[in-house]
Amino acid sequence: MKSVVLFFLLLVANGSFAQLWLVDPLQAIYPDVNDLSHFRPKLKQDVVIGGLADVHLLLKIPIGETFTVTASKNGEALEGVWSELIDVPVEQNTGIDSRTEQYLNKTNPFVIRRAPFQIFEVISPLSHRVLTSKSTFSALRLALPPSMISEKGIHKIDIQVRSKSVQGTARFKIKVHPVVLPTLADSQFFYTNWFNLNQMEKQHDLIRWSEPWFTMLRKYAKLMAHGRQNSITIPHELLKYDHGNFVIEDAKMKRYIHIFKSEGFKYFEAPHLMYRGDNDDWSDPELKVILTKKGYYSENGKNDIEAIISVIYDFVKSNHLEKNWLQHIADEPTSNNAACYKDVAEQIKSLFPEVRIMEATNDRDGLVGAIDIWCPLINDFQDNESFFREREKQNEKVLVYTCLIPGGQWLNRTLDMERLRQVYFGWGAAFYNTGGYLHWGLNQYQSDPFTQSVVHHPSPAATANNFLPAGDTHIIYPGTNGPLSSIRFEAHRMGCEDYDLLQLLKQKQSHNYDKIIKKLFKSYTDYNLSIADYRRTKKKLINSIK
């Protein structure tokens with residue numbers, strides 16, 4: 001009875017029964033229209049020590065009206081906890097197979113809304129308390145870092161919104177459980193997003209290798225680390241071809257690596273050595289050396305590879321990076337160039353036996369014996385799981401990746417998919433006992449990401465109807481003073497954290513491990529999309545570790 005009365009009082013305080021709502025961060029919300037039937041001015045969340053608690057505040061305030069928002073804990077105002085949620089466009093829906101629906105001209109029923117539409121996505125920290133409503137609905141994020149909820153038990157956060165037409169209150173209740181989240185350095189989950197330095201420089205007007213550049217680089221490293229990313233690509237230009245010699249920019253390389261190491265990163269991905277040529281010819285069986293553009297066979301590119309690996313070997317050995325260094329050869333090798341890829345891999349191993357070769361792959365049988373860390377698309381892995389299990393028996397590891405492929409019901413990170421799909425990459429890794437996840441698009445902007453989310457495929461061979469799906473090129477955004485997180489990025493972080501919590505459960509109660517996972521995840525196309533079920537299962541997971 002008391003809870004009913006409290007709820008009624010909260011509604012009365014909100015004035016019109018429908019002006020202020022707390023929304024689970026995994027629930028998609030929009031600036032124009034929302035289904036408000038299940039939203040309330042109160043929300044509970046279970047977290048662990050070292051974890052972050054967050055909630056979204058959805059407001060309906062007349063456009064152009066100013067408002068203020070505050071949060072307090074035990075009567076004390078909380079500072080630095082609010083961010084504005086900025087909406088971005090979804091111009092086309094993700095395709096049923098890949099890319100966008102235009103590619104096959106088929107409707108994809110597994111999307112959260114029909115395009116075109118706008119969706120709240122970007123998390124922009126607030127530096128002021130007075131805001132102006134810009135659309136039918138406004139949205140904010142309240143996030144409490146681990147330092148603010150370090151003690152186990154119940155934390156009650158009171159929220160107040162004030163405007164000419166809305167005088168609302170809400171309560172966010174957080175239960176911190178006595179379970180400690182492993183740090184990034186202790187994480188067992190491999191996670192990488194490929195980082196575009198050119199875009200960092202373009203968006204923030206920076207000169208490469210300048211002091212302001214390194215300052216901004218650390219900001220990006222911190223955001224990546226916050227998202228549980230623990231592997232970073234090495235800038236291609238640090239390996240140079242200069243007057244007939246291959247050299248490493250030693251001092252720059254060391255400083256670059258140090259910044260990421262100090263943020264908890266474990267792995268450093270050496271740049272690709274080979275490519276399909278300037279015309280991106282997927283049918284060509286011969287790979288070319290990126291630095292010299294020489295064909296591996298036809299133009300004696302083999303000698304270039306020997307010289308390059310010699311330089312890399314000396315650097316890795318002298319800096320004791322043998323356990324941290326991962327070597328790419330050529331992105332997405334196919335059956336057409338697999339034989340060449342294998343020859344390059346064999347040559348590299350003869351020169352640097354300890355090196356681990358890692359690749360996002362488009363072929364299987366043709367690459368056997370050439371790769372130490374396989375990274376197939378999730379649909380390739382799921383459809384050919386027996387092949388990859390055989391590779392594991394040879395002490396090879398398996399990660400997975402997604403990109404513009406796959407679409408439909410498969411897990412991916414596009415903007416018109418449920419946020420739980422990003423969370424479940426961690427659960428999928430736990431279910432399949434795979435090692436982690438790779439994506440090409442941290443900040444690979446092809447246009448202004450605030451105004452365009454769907455872009456034409458950048459390959460010169462791409463047909464007119466070949467578009468990258470919404471948000472495929474990026475999962476963070478450029479802010480004025482540094483990078484901005486996104487709702488998708490935070491959802492993916494949650495999944496990475498869940499993976500590490502599941503590994504704690506596996507150590508403590510192995511009999512419950514599979515049981516809990518299967519409540520939510522059974523395959524990359526079969527998973528539970530109920531946010532309430534996810535939260536209940538997450539609570540059960542936490543309680544099982546205690």
Side-chain angles (χ1 to χ4, degrees), residues 23 25-26 28-31 52-58 69 79-90 118-129 131-132 134-135 137-145 184 191-206 212-229 232 259-260 263 413-415 419 422 439-455 470-496:
V23 182
L26 295 174
I29 50 177
Y30 311 93
L52 174 149
D54 63 337
V55 67
H56 290 168
L57 175 63
L58 188 66
V69 59
E79 302 295 338
V81 296
W82 289 106
S83 296
E84 182 178 11
L85 295 182
I86 300 171
D87 59 286
V88 297
V90 176
Q118 297 279 134
I119 186 169
F120 285 118
E121 156 77 348
V122 187
I123 300 170
S124 180
L126 285 177
S127 58
H128 50 86
R129 295 188 179 184
L131 298 96
T132 302
K134 302 168 187 165
S135 51
F137 289 94
S138 300
L140 302 174
R141 177 183 187 244
L142 170 68
L144 278 74
L184 179 63
Y191 178 30
T192 183
N193 293 292
W194 287 353
F195 178 31
N196 190 319
L197 286 177
N198 290 326
Q199 282 298 330
M200 183 185 81
E201 293 153 1
K202 177 182 177 181
Q203 299 297 335
H204 304 288
D205 192 22
L206 297 167
W213 185 91
F214 278 109
T215 298
M216 183 61 69
L217 183 69
R218 184 170 290 280
K219 290 182 180 181
Y220 273 77
K222 283 183 180 296
L223 180 58
M224 290 182 230
H226 162 75
R228 304 290 280 191
Q229 180 171 340
I232 189 66
I259 284 175
F260 286 94
E263 296 298 334
R413 303 198 315 194
T414 60
L415 278 161
R419 299 299 164 259
Q422 288 94 70
H439 198 284
W440 79 285
L442 178 78
N443 64 330
Q444 306 285 347
Y445 314 120
Q446 306 292 312
S447 63
D448 179 354
F450 293 95
T451 61
Q452 186 177 0
S453 298
V454 174
V455 297
D472 184 51
T473 61
H474 57 277
I475 199 167
I476 65 172
Y477 292 77
T480 302
N481 299 312
L484 302 177
S485 185
S486 73
I487 297 174
R488 289 179 298 147
F489 190 68
E490 298 295 328
H492 207 140
R493 169 189 58 78
M494 291 168 58
C496 297

**Report entry** Listed partners of T192 passing side chain to side chain contact (heavy atoms under 4.5 Å, CB included), at least two apart
**Finding:** F190, W194, Q229, S231, E269, M358, L438
Query raised in the report: Mind checking whether P125 and S83 have side chains closer than 4.5 Å, heavy atoms only?
Result: yes
Requested in this report: For side chain to side chain contact (heavy atoms under 4.5 Å, CB included), just list the numbers for K219 and K222, CA-CA rounded to whole Å, side-chain angles, deciding distance to a tenth of an Å, and then say yes or no.
Outcome: CA-CA 5 Å; K219 290 182 180 181; K222 283 183 180 296; 5.7 Å; no
**Report entry** Shortest non-hydrogen separation from M224 to L442 and the atoms involved
**Finding:** CE-CD2, 3.7 Å
Requested in this report: Find out whether Y445 and V455 are in side-chain contact, i.e. whether some heavy atom of one side chain is under 4.5 Å from a heavy atom of the other.
Outcome: no
Query - Any E263 side-chain heavy atom under 4.5 Å of I232 side chain - result: no
Query - Heavy-atom closest contact (A491 atom, L26 atom, distance) - result: CB-CD2, 3.9 Å
Report summary line: CH2 (W440) and CG (N196) are apart, to the nearest 0.5 Å, by 9.0 Å
Query - Euclidean distance, D205 CG relative to M216 CE, rounded to 0.5 Å - result: 10.0 Å
Query raised in the report: Can you tell which of L58, I123, L57 makes a side chain to side chain contact (heavy atoms under 4.5 Å, CB included) with L85?
Result: I123
Query raised in the report: Is there a side-chain contact between I119 and I487 (heavy atoms, below 4.5 Å)?
Result: no
Requested in this report: Would you please name every residue forming a side chain to side chain donor-acceptor pair (under 3.5 Å) with N443, sequence neighbours left out?
Outcome: none
Requested in this report: Taking the side chain as every heavy atom from C-beta outward, state whether W213 and H204 have any pair of such atoms under 4.5 Å apart.
Outcome: no
Requested in this report: Measure the CZ-CD1 distance between F450 and I86 for me, rounded to the nearest 0.5 Å.
Outcome: 5.5 Å
Requested in this report: Decide yes or no on side chain to side chain contact (heavy atoms under 4.5 Å, CB included) for L52 and R493, but give the supporting numbers first.
Outcome: CA-CA 10 Å; L52 174 149; R493 169 189 58 78; 3.7 Å; yes
Requested in this report: For L142, check side chain to side chain contact (heavy atoms under 4.5 Å, CB included) against everything at least two apart and list the hits.
Outcome: V55, A71, V81, W82, L144, I157, I159, F172
Report task. Could you tell me which non-hydrogen atom of F137 sits nearest to which non-hydrogen atom of F120, and how far apart they are? Result -> O-CZ, 3.4 Å
Query - Residue list, side chain to side chain contact (heavy atoms under 4.5 Å, CB included) with P25, at least two apart or on another chain - result: Q45, D54, H56, R535
Throw together a table of side-chain donor-acceptor distances under 3.5 angstrom for residues 473-481, partners on residues two or more places apart or in other chains.
unit_1: H474; atom_1: NE2; unit_2: Y477; atom_2: OH; d: 3.4
unit_1: Y477; atom_1: OH; unit_2: E121; atom_2: OE2; d: 3.1

Query raised in the report: Does the side chain to side chain contact (heavy atoms under 4.5 Å, CB included) test come out yes or no for E490 and H226, once each step is laid out?
Result: CA-CA 9 Å; E490 298 295 328; H226 162 75; 2.9 Å; yes
Report summary line: So CG of L415 and CD of Q118: to nearest 0.5 Å the spacing works out to 10.5 Å
Query raised in the report: For R218, does the CZ atom have more than 12 heavy-atom neighbours from other residues, nucleotides or ligands under 6.0 Å away?
Result: yes
Query raised in the report: Nearest heavy-atom pair of T451 and P89: which atoms, and what distance?
Result: O-CG, 3.3 Å
Query raised in the report: By side chain to side chain donor-acceptor pair (under 3.5 Å), which residues pair with K134, not counting sequence neighbours?
Result: E84
Report summary line: The reported gap from CG in D472 to CD in Q444 (rounded to nearest 0.5 angstrom) is 10.0 Å
**Report entry** Spacing of OG belonging to S486 relative to CZ belonging to R413, to within rounding of 0.5 Å
**Finding:** 8.0 Å
